[in-house]
Amino acid sequence: MKHQVTPSFRRILFGMIRTQPVRYAAALFLWVSVWTLPILVGLIAAVYFDALADGMTVTTLTYVVTAMLVYALVRAVFIFLAMRNHASLLFRASATMRRNLLIRIYELPGAEGLDEAPGEVVSRFRDDIEHVVEPFDLFVDFIGALVGGSISLFILWTIDPLITVVIAVPIIIVGVVSNRTGGLVRRYRQQARDATEAITGFLGETFAAAQSVKVAGAESDMLARFAEMNETRRSMMVRDRTLMAVMEAVFRNTVNIGTGLILLLAAGRLAATGSAGISLGEFALFVFLLHHVSEASYFYGVFIARAKQGRVSAERLTAALSGEPWDRIIEDTDLGLDGFVDRRPKVLDTPPPFETLSTNMLSYHYGDSANGIDDIDLTVSNGEFVVVTGRIGSGKTTLIRTILGLLPAEQGTITWNGEEVDDPSAYLVPPRVAYTSQVPRLFSMSLEDNLVLGASVGEGQLDESLHIATMRTDVERMPEGLGTLIGPRGVRLSGGQVQRSAAARMFARTPQLLILDDVSSSLDVETEQLLWQRLFEARSDVAALVVSHRHAALSRADRVIVMDRGRVVAVGKASELARTSETFQAIWEGALTATSG
C-alpha cells in the first residue's frame, strides 16, 4: 500500500472547515455566543449585589429579574440553534469522509484493493473517522471558551490587574503539560487503535471462516487467541483512557487550585478599604468570570490532547487512501445518490456491436517477483468461445484480472473494436463486459437483490438468465423463491448454487463479452454442459473468454489458449492441442479422468 505524508492537524482541521464554510461560520457564531452570553449574568449579578449593599429598590430588582429572564430566553434559543446546526455539521463531516473513503476503495484495482482485512477496514470507517471528527467538534467549544475567557480577562483586568496576572499561572501550566505530553498521547493512542483494529479484523475473519474452524476442531484455539488479543487491547485501551483521564484531572485540578488561591487574594481585596478595595458587586463579578477563564484553560488542554489523538487516526485514514493525498478524504461531495452516480463510469445503454477484444504484449508482476504474466497476445472475436487453461499458478486468473483492469498492467495494450482502452476497469463493464470471479461474492440479502444489485432488470430478462444458468429449478424449490434470504456470502446456498447465481447475475446484464474465471468448478459435468449449451442457444452473438480445465469447456472451445509460467505456450483447438502440446495433454487427460470418475 502506498503511504502519503499526513499534514499537521491544523491543516486537517481547516481543510474540514473549508468544506462547510457557511455552516461552520454559523456554528462558530452560535457557540461563541453560547459561551460569551453568560458574561451578562456576571454583569447583572454585579449590579444586583452592589444594589443590595447600597439598599435594593423595587425598580432595580425589576430590572435585574427582567434582564435574567431575557437572558435565559435568548441563551435557550442560541443553544437550540447551535445544537441543531452542529448535529448537521458533524454528520456531514463524518458522512463525507466515509463516503470519500468508500469511493476511493471502489477506485482501487479490484484484485489489489486494501491490505487490511474487512474488519480492520470497518474500524477505519467507524472509529478512526470518529476520532478525527471529535477535535473538529471540540474546536467551536474551544474558540467559544477562548473568546469568553478573553473577554472575562479584560473585565477582570479593569477590576484588579495584579490578580488578573496571577490568573495566567494555571493557564501556563495547562499549556506546558499539554505540549510536553503530546508524544505520549500519540503513542498510546496509536497502540490502542492498532490493538482494536487487530481484534476487529480477527473477529471478521473468524465469523467468515466459522465452518472451517469447526471442521478443524480449532474452537478452543481460536477462543484462546481471541482472549489473548482482547487482553492486549484491554491493556492498551486502559493506558490510553487512563492517560487522558489523568491529563484532564491535572488540567481541572490545576485550574481549581489556582482558582482557590486567586479567590483568597480577591477576598482580601474585598475586605480592604479605599482605592485598594473592591466592591461586593465587583467581587461577585470576579468570582463568576473566573470560572470562564478556568473553562477556557481546561478546554485548551483537552482540545490539544484530542487533536494529537485525532492526528493518529488521520494518519491511518491517509494510509487507507492508498496513495491519494489526505485532502481527498475531506473534499466536498454530494451526499445524495446523484453525487455517487456521477462518479460511475459512463457506459452507453446500447454500445456499438462488439467485434474484437485484443491484448498485445500484456504484462503484470506481483511486486518485485517474477510471478505474473509476460507478453500476452490474445484475441476474442464476436461469437467466439475462447478458453484459457493451464496448470495451477500458470497465470490464468492474473491474465483475466489484468485485462479487466483489476490489476494494473505494467506494459502492453488492450483494444476494444480496434481502439485502445486507456482505463479498462471503467470501460470493460456492462453492457460491454460482465465478469464472474473464481470465488463469486454474494451478499446477505435476498437472492433477487443479489442478482440485480440495483440494476434495472426486467422480469423476463431475469427469468431467462436463471434458465441459462440452470438455476430456475433451484429457485422454485426455495421457500420464498427469489425473495429467499441467502445469508452472509450465500451460506444458505451450495457451492454450485453460488456459482450459478453469480453466472445468472452476469447473464442478466446482457453483456457483449462474458469473462468467467473457472465458474463451473463446483458444477457436475451434466450441469456444466447444459449451461454452455443454453448460453449459446439463447445468445448466439455473445462472446466468452473462460478460464477452465474442464472437459466440457475445452471440447466446446473455438480456441484454447494454454498458459505456463505466465506465458502463452500453445493456441489451437482442443483436438489439435491434444496431439501437439505436452502441457495441454496433461490437462486434457486430467479432465477426461475427472469426467469418467
Side-chain angles (χ1 to χ4, degrees), residues 13-14 17 20-50 63-90 134-161 163-168 170-172 174-175 178 248 251-252 255-256 258-259 262-263 266 278-279 281-304 306-307:
L13 184 63
F14 285 106
I17 292 173
Q20 302 185 69
V22 176
R23 189 174 281 105
Y24 203 88
L28 203 58
F29 168 75
L30 291 169
W31 283 109
V32 168
S33 300
V34 169
W35 277 93
T36 54
L37 278 173
I39 296 176
L40 296 175
V41 176
L43 296 173
I44 295 171
V47 172
Y48 173 79
F49 281 106
D50 280 337
Y63 286 154
V64 168
V65 172
T66 302
M68 290 298 294
L69 290 175
V70 171
Y71 159 79
L73 178 61
V74 171
R75 191 161 190 263
V77 171
F78 269 85
I79 290 176
F80 172 79
L81 294 175
M83 293 295 291
R84 184 181 180 86
N85 177 76
H86 209 58
S88 175
L89 182 77
L90 297 181
E134 189 175 28
F136 176 71
D137 172 22
L138 286 175
F139 189 62
V140 290
D141 289 301
F142 167 66
I143 295 298
L146 185 64
V147 172
S150 299
I151 295 174
S152 299
L153 276 175
F154 174 76
I155 296 174
L156 293 177
W157 178 271
T158 62
I159 298 174
D160 194 310
I163 298 179
T164 304
V165 171
V166 176
I167 291 175
I171 298 176
I172 294 173
V174 168
S178 298
E248 290 182 11
F251 299 155
R252 182 68 73 185
V255 169
N256 288 341
T259 300
I262 292 166
L263 287 176
I278 60 176
S279 68
E282 289 175 329
F283 180 76
L285 180 59
F286 204 101
V287 173
F288 187 86
L289 296 182
L290 190 57
H291 168 75
H292 284 274
V293 177
S294 302
E295 283 297 296
S297 176
Y298 171 76
F299 260 93
Y300 170 78
V302 172
F303 173 75
I304 294 298
R306 291 285 190 266

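Computed from a prediction, not measured in an experiment: that's the story for all the values here.
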Tyr71 atom OH: more than 12 heavy-atom contacts under 6.0 Å:
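Atom OH in Tyr71 is packed in, count exceeds 12.
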CZ of Phe303: more than 12 outside heavy atoms within 6.0 angstrom?
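It does: Phe303 CZ has more than 12 such atoms within range.
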Closest approach of Ala82 to Val34 (non-hydrogen atoms, all atoms of both residues):
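Reported closest heavy-atom pair: CB-CG2, 4.4 Å.
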Indicate the atoms forming the closest heavy-atom contact of Gln20 with Leu89, along with that distance.
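Reported closest heavy-atom pair: NE2-O, 3.3 Å.
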Indicate whether any N or O donor in one side chain lies under 3.5 Å from an N or O acceptor in the other, for Asp141 and Trp31.
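There is no such pair between these side chains.
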In the structure I gave you, are the side-chain heavy atoms of [X] and [Y] within less than 4.5 Å of one another anywhere?
X	Y	result
Tyr63	Val47	no
Leu153	Trp157	no
Met83	Leu30	no
Phe29	Phe78	yes
Trp35	Ile143	no

Glu134: partners by side chain to side chain contact (heavy atoms under 4.5 Å, CB included), with sequence neighbours left out:
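Applying side chain to side chain contact (heavy atoms under 4.5 Å, CB included) to Glu134 gives His131, Arg306.
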From [X] atom [atom1] to [Y] atom [atom2], the distance as rounded to the nearest 0.5 Å:
X	Y	atom1	atom2	answer
Ser152	Leu285	OG	CG	8.5 Å
Leu73	Leu69	CG	CG	9.0 Å
His86	Leu28	NE2	CG	10.0 Å

Test side-chain hydrogen bond (donor to acceptor under 3.5 Å, both in side chains) applied to Asn85 - qualifying residues, sequence neighbours left out
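Once residues adjacent in sequence are excluded, Asn85 has no partner under the side-chain hydrogen bond (donor to acceptor under 3.5 Å, both in side chains) criterion.
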